Amino acid sequence: MAEDNFPKQTTIDSSKLFNIRVWEGIQYKFAKDLGIAIKVMSEDGKINTEESNFSDFYNILTSTEEGKKLCEINHENIDKEARFITLYADCVYYCASTYFYGKKFNIFVGIKERVSNDLLVKQLAEKAGVDYAELFAAYKSQTVFSDERLINIADLIVDLFNIVIELSVQEYITHMANKEKEEEIAKMSALMEASIIINSTRNLDQLLKIIMQSAEKVMQAEVSSVFLIDSERNELFFEVATGPKEDVVKKIRLKMGEGIAGWVAYTGESLLVPDVSQDPRFARRVDEQTQFITRSVICVPLKVRNQTIGVVQVLNKIGGGSFSKTEIKFLEALASQAAIAIENANLYEHLEERAEQLNKDLKNANMNLSIEKLRIESIVQSMEDAVLAVNSEKKIVKVNRVAERIFSIDGGRAEGRPLEDVVKIRDLRDNFTTVLAVKSITKTEVKFQMGNKEHIFAAVFAPIIDEKNEAAGSVAVFRDITEIKELDKMKSEFLNMVSHELRTPLTPIQAYSELMMVRNVDNEKVKKYADIINRETQRLGALIGDLLDLSRIDAGKGLSLALEPVDMNELMLTVYETFKNASTRHKIILTLPEKSEIILVDKNKIIQVMTNLLSNALKYSPDGGEITIKTWFDDKMFYGSVKDQGLGIAEEDLTRIFEKFFRVESEKVKKIGGTGIGLPIVKYILELHNGSIKVFSEFNKGSEFVFNIPKVKPQEDLNG
Ligand code: ADP
């Protein structure tokens with residue numbers, strides 16, 4: 001996934017990571033009970049607890065501003081190597097250190113035994129402006145500890161500190177993970193909703209409105225709109241606008257390049273404008289006309305087959321503030337759903353236009369035969385859609401090449417014969433009958449058997465109206481949409497699966513994070529819970545990452561590679577480390593070439609490939625067994641293989657498993673969760689690297705996935 005995508009894992013902001021508050025409470029109590037001084041300071045000085053010191057000496061000394069300054073500790077002045085350190089006056093502390101997430105913490109525990117030093121106390125009293133006699137008495141009665149005792153107590157404090165900080169870090173990570181995932185899940189569900197709606201309604205206006213409303217809801221935007229490009233006039237017009245100003249807004253047109261929307265339509269690039277008043281591209285005139293006040297905008301292009309056909313825009317974050325960069329991706333994903341809706345609507349519109357045109361042409365052809373007829377004949381014959389025309393008596397007058405094929409008829413012989421003798425599909429005959437009777441266009445779907453498979457066709461039946469306004473015949477145009485329909489079906493199964501898959505890891509995350517918050521959980525358990533949470537979060541992250549990758553690929557944007565020199569053995573070891581203890585039923589074996597090589601790949605994406613293949617190997621061998629990871633090189637290629645002893649794949653499914661949303665239709669596979677998007681992404685990533693993947697499998701014995709990547713050495717270039 002590109003760097004600018006949603007974060008796949010929780011990113012840790014270390015300044016927020018350490019909830020030092022909890023520790024401060026413990027430090028205070030410990031210092032008070034033991035009569036010992038404690039202070040914690042991170043080496044960079046950013047985390048710095050106030051010294052817990054209950055001695056009268058410290059109290060008197062810090063009772064004045066000057067005195068406080070004398071007791072201040074500057075982390076830069078601390079000798080990093082020394083174990084015993086004088087922090088102020090002659091107060092020597094034992095300094096223990098510990099590390100967390102790359103941060104070094106010094107824990108100072110004092111005070112070490114010493115010989116009385118009258119002169120020093122006198123000078124201190126003067127500088128701090130406190131009573132000398134009082135300070136001296138306090139100095140003498142200060143609790144001091146032997147080296148050994150200081151070290152012992154410090155060890156104990158370090159242990160305690162480790163536990164408390166680890167807990168607070170885990171708590172923070174869990175909190176962040178939950179929060180982040182919740183937001184992403186809301187976004188994903190909105191996307192899913194959008195595609196479910198697209199599958200279930202054909203009213204474009206209504207569809208776009210619903211999609212926009214879901215964008216507003218998730219992004220907390222005040223209003224939103226969809227513009228389409230009128231390419232003849234080089235202008236944008238509002239196709240859909242929500243909000244109270246809808247009617248005024250819909251009358252406005254923008255020139256290409258004018259305003260934020262015009263800019264996005266022109267460049268084809270998404271744009272986030274946090275404050276439009278600061279952006280010269282913003283078209284004030286629209287606000288003036290509508291009396292709406294625009295503050296912030298996200299605008300993304302609406303692309304169909306890589307061509308910008310319009311833009312989608314959301315305006316003004318509710319409650320002020322601005323939209324975030326990650327929301328651009330979300331709106332882009334929604335826009336690609338909207339584009340599908342527009343495409344779907346267009347499919348019918350085009351068919352309709354086709355039918356009307358043909359109808360006209362046929363009519364003309366009847367009038368002046370010869371040349372014109374030949375011309376139309378050739379157009380009709382070369383069309384990709386099936387054309388079938390009948391006269392008013394329902395005798396066939398025209399069958400084109402595609403229609404011959406799909407209805408298995410011979411055009412030459414069919415023409416002139418009654419439709420019902422030639423075409424046995426009842427639905428189709430009924431539709432012709434209806435159109436001839438009502439004399440208006442009918443759009444519908446017809447299903448019929450072709451070979452041993454039922455095909456679905458989008459069909460438009462148009463009447464041929466003669467000069468007397470009678471139906472002289474009817475022409476029908478058919479387009480095979482079986483594949484689209486199948487994809488639709490797979491997609492809705494996929495959506496159900498995804499919502500299930502998204503929820504599954506959330507349950508343990510919630511349960512274990514609650515368990516972690518309970519008091520008195522021992523450190524080992526905390527570690528165990530954190531491991532589980534971490535694993536589930538990663539799973540969730542990987543799934544969401546895959547979904548987002550898929551929607552990028554779907555939207556025609558593709559994924560970009562961040563190539564870097566990678567030591568392939570090292571990479572495989574990293575993957576192996578993550579998986580080696582993933583299951584107790586499986587044994588994971590890693591076989592690497594003796595000599596590793598460094599090649600140019602996108603490290604994270606290859607990890608994604610391996611993660612997908614290994615998760616599949618684990619998932620689809622429910623009875624356990626060996627999983628072998630093997631890699632090798634030849635002159636030109638790097639090869640990787642992941643082999644399992646699991647369910648295997650039946651021969652007829654072997655070619656299909658790399659298709660989007662495809663899952664093997666068996667009870668065993670159904671029981672195992674999955675979405676059917678892992679392998680298509682694996683294949684896509686490998687192809688981006690100019691590599692490929694193959695599968696070898698025997699049903700009920702196991703599967704092996706073997707992939708290769710051309711060895712591009714760091715000095716070469718992928719395209720070169
Ligand atoms: P998912 O696992 O989420 O269903 P994938 O795209 O990763 O999606 O896999 C597609 C299908 O290929 C799976 O549903 C499964 O039927 C089959 N498959 C993938 N890997 C294996 C394997 N190692 N053994 C058996 N079947 C597999």
Side-chain angles (χ1 to χ4, degrees), residues 1 188 192 486-487 489-505 536 538-554 559 575 579 582-583 585-589 605-630 640-687 692-707:
M1 205 180 3
M188 292 313 300
M192 278 184 246
E486 264 175 19
L487 203 66
K489 183 174 157 255
M490 281 203 254
K491 210 169 168 183
S492 52
E493 279 168 12
F494 159 79
L495 291 173
N496 291 338
M497 217 54 202
V498 166
S499 30
H500 172 77
E501 293 277 300
L502 282 175
R503 274 185 201 114
T504 317
E536 294 299 328
Q538 298 234 4
R539 219 176 98 187
L540 197 57
L543 178 65
I544 291 175
D546 276 356
L547 286 172
L548 292 168
D549 277 358
L550 185 81
S551 67
R552 278 184 79 83
I553 297 171
D554 253 3
L559 306 177
V575 174
F579 273 89
S583 154
R585 273 170 297 141
H586 297 85
K587 187 171 174 215
I588 301 189
I589 303 162
K605 291 214 169 57
I606 300 304
I607 292 180
Q608 199 180 347
V609 164
M610 290 303 294
T611 307
N612 263 311
L613 293 178
L614 283 166
S615 325
N616 279 351
L618 286 166
K619 269 194 332 196
Y620 299 112
S621 46
D623 299 327
E626 284 181 357
I627 290 172
T628 319
I629 311 170
K630 200 174 153 192
S641 146
V642 176
K643 190 174 174 182
D644 64 61
Q645 301 174 323
L647 301 178
I649 303 160
E651 201 174 334
E652 67 264 27
D653 292 326
L654 278 180
T655 50
R656 301 206 58 194
I657 55 169
F658 294 101
E659 283 173 22
K660 221 166 29 180
F661 312 132
F662 179 81
R663 305 201 70 224
V664 166
E665 290 248 350
S666 81
E667 277 314 308
K668 277 188 185 159
V669 169
K670 280 219 175 103
K671 257 194 232 152
I672 301 166
T675 52
I677 57 172
L679 289 179
I681 291 174
V682 162
K683 184 160 174 264
Y684 187 86
I685 292 177
L686 290 167
E687 284 170 359
S692 63
I693 181 160
K694 272 201 191 128
V695 54
F696 304 93
S697 182
E698 210 178 319
F699 192 55
N700 279 337
K701 291 254 166 71
S703 314
E704 180 177 13
F705 288 83
V706 184
F707 63 91

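Residue indices begin at 1 and follow the sequence shown. For clarity, every value in this text was computed on a predicted model and none was experimentally measured. We count ligands from 1, going down the list as the structure has it; atoms in each ligand are counted the same way. Hydrogens, waters and symmetry mates play no part in the numbers below; they use all other heavy atoms, side chains included.
- Here salt bridge (Lys or Arg N to Asp or Glu O under 4.0 Å) pairs that include residues 671-686, with residues two or more places apart or in two chains, are Lys683-Glu687.
- Shown are Ile589, Leu614, Leu613; of these, the side-chain contact (heavy atoms from CB on, under 4.5 Å) with Ile629 is made only by Leu614.
- Annotation: salt bridge (charged side-chain N to carboxylate O under 4.0 Å, His left out) contacts of Lys701 (sequence neighbours excluded): Glu698.
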For ligand 1, list all ligand N or O to protein N or O distances below 3.5 Å, rounded to 0.1 Å.
{"unit_1": "ligand 1", "atom_1": "2 (O)", "unit_2": "Asn616", "atom_2": "OD1", "d": "3.2"}
{"unit_1": "ligand 1", "atom_1": "2 (O)", "unit_2": "Lys619", "atom_2": "NZ", "d": "3.0"}
{"unit_1": "ligand 1", "atom_1": "2 (O)", "unit_2": "Tyr620", "atom_2": "OH", "d": "2.6"}
{"unit_1": "ligand 1", "atom_1": "3 (O)", "unit_2": "Thr675", "atom_2": "N", "d": "2.6"}
{"unit_1": "ligand 1", "atom_1": "3 (O)", "unit_2": "Gly676", "atom_2": "N", "d": "3.0"}
{"unit_1": "ligand 1", "atom_1": "4 (O)", "unit_2": "Tyr620", "atom_2": "OH", "d": "3.1"}
{"unit_1": "ligand 1", "atom_1": "4 (O)", "unit_2": "Arg663", "atom_2": "NE", "d": "2.5"}
{"unit_1": "ligand 1", "atom_1": "4 (O)", "unit_2": "Arg663", "atom_2": "NH2", "d": "3.3"}
{"unit_1": "ligand 1", "atom_1": "4 (O)", "unit_2": "Gly676", "atom_2": "N", "d": "3.2"}
{"unit_1": "ligand 1", "atom_1": "6 (O)", "unit_2": "Gly678", "atom_2": "N", "d": "3.3"}
{"unit_1": "ligand 1", "atom_1": "6 (O)", "unit_2": "Leu679", "atom_2": "N", "d": "2.8"}
{"unit_1": "ligand 1", "atom_1": "7 (O)", "unit_2": "Asn616", "atom_2": "OD1", "d": "3.4"}
{"unit_1": "ligand 1", "atom_1": "7 (O)", "unit_2": "Asn616", "atom_2": "ND2", "d": "2.8"}
{"unit_1": "ligand 1", "atom_1": "7 (O)", "unit_2": "Leu679", "atom_2": "N", "d": "3.4"}
{"unit_1": "ligand 1", "atom_1": "8 (O)", "unit_2": "Gly676", "atom_2": "N", "d": "3.1"}
{"unit_1": "ligand 1", "atom_1": "14 (O)", "unit_2": "Tyr620", "atom_2": "OH", "d": "3.2"}
{"unit_1": "ligand 1", "atom_1": "14 (O)", "unit_2": "Arg663", "atom_2": "NE", "d": "3.3"}
{"unit_1": "ligand 1", "atom_1": "16 (O)", "unit_2": "Val664", "atom_2": "N", "d": "3.2"}
{"unit_1": "ligand 1", "atom_1": "20 (N)", "unit_2": "Asn616", "atom_2": "ND2", "d": "3.4"}
{"unit_1": "ligand 1", "atom_1": "23 (N)", "unit_2": "Asp644", "atom_2": "OD2", "d": "2.8"}
{"unit_1": "ligand 1", "atom_1": "24 (N)", "unit_2": "Ser703", "atom_2": "OG", "d": "3.3"}

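- Evaluation of the side-chain contact (heavy atoms from CB on, under 4.5 Å) rule for Asp653 yields Ile649, Ala650, Phe662, Val664 as partners, not counting sequence neighbours.
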Ile693 and Val609: side chain to side chain contact (heavy atoms under 4.5 Å, CB included), yes or no, with the steps? CA-CA 10 Å; Ile693 181 160; Val609 164; 5.8 Å; no

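- The backbone N or O of Glu626 lies less than 3.5 Å from a partner atom in the side chain of Gln645, making a donor-acceptor pair.
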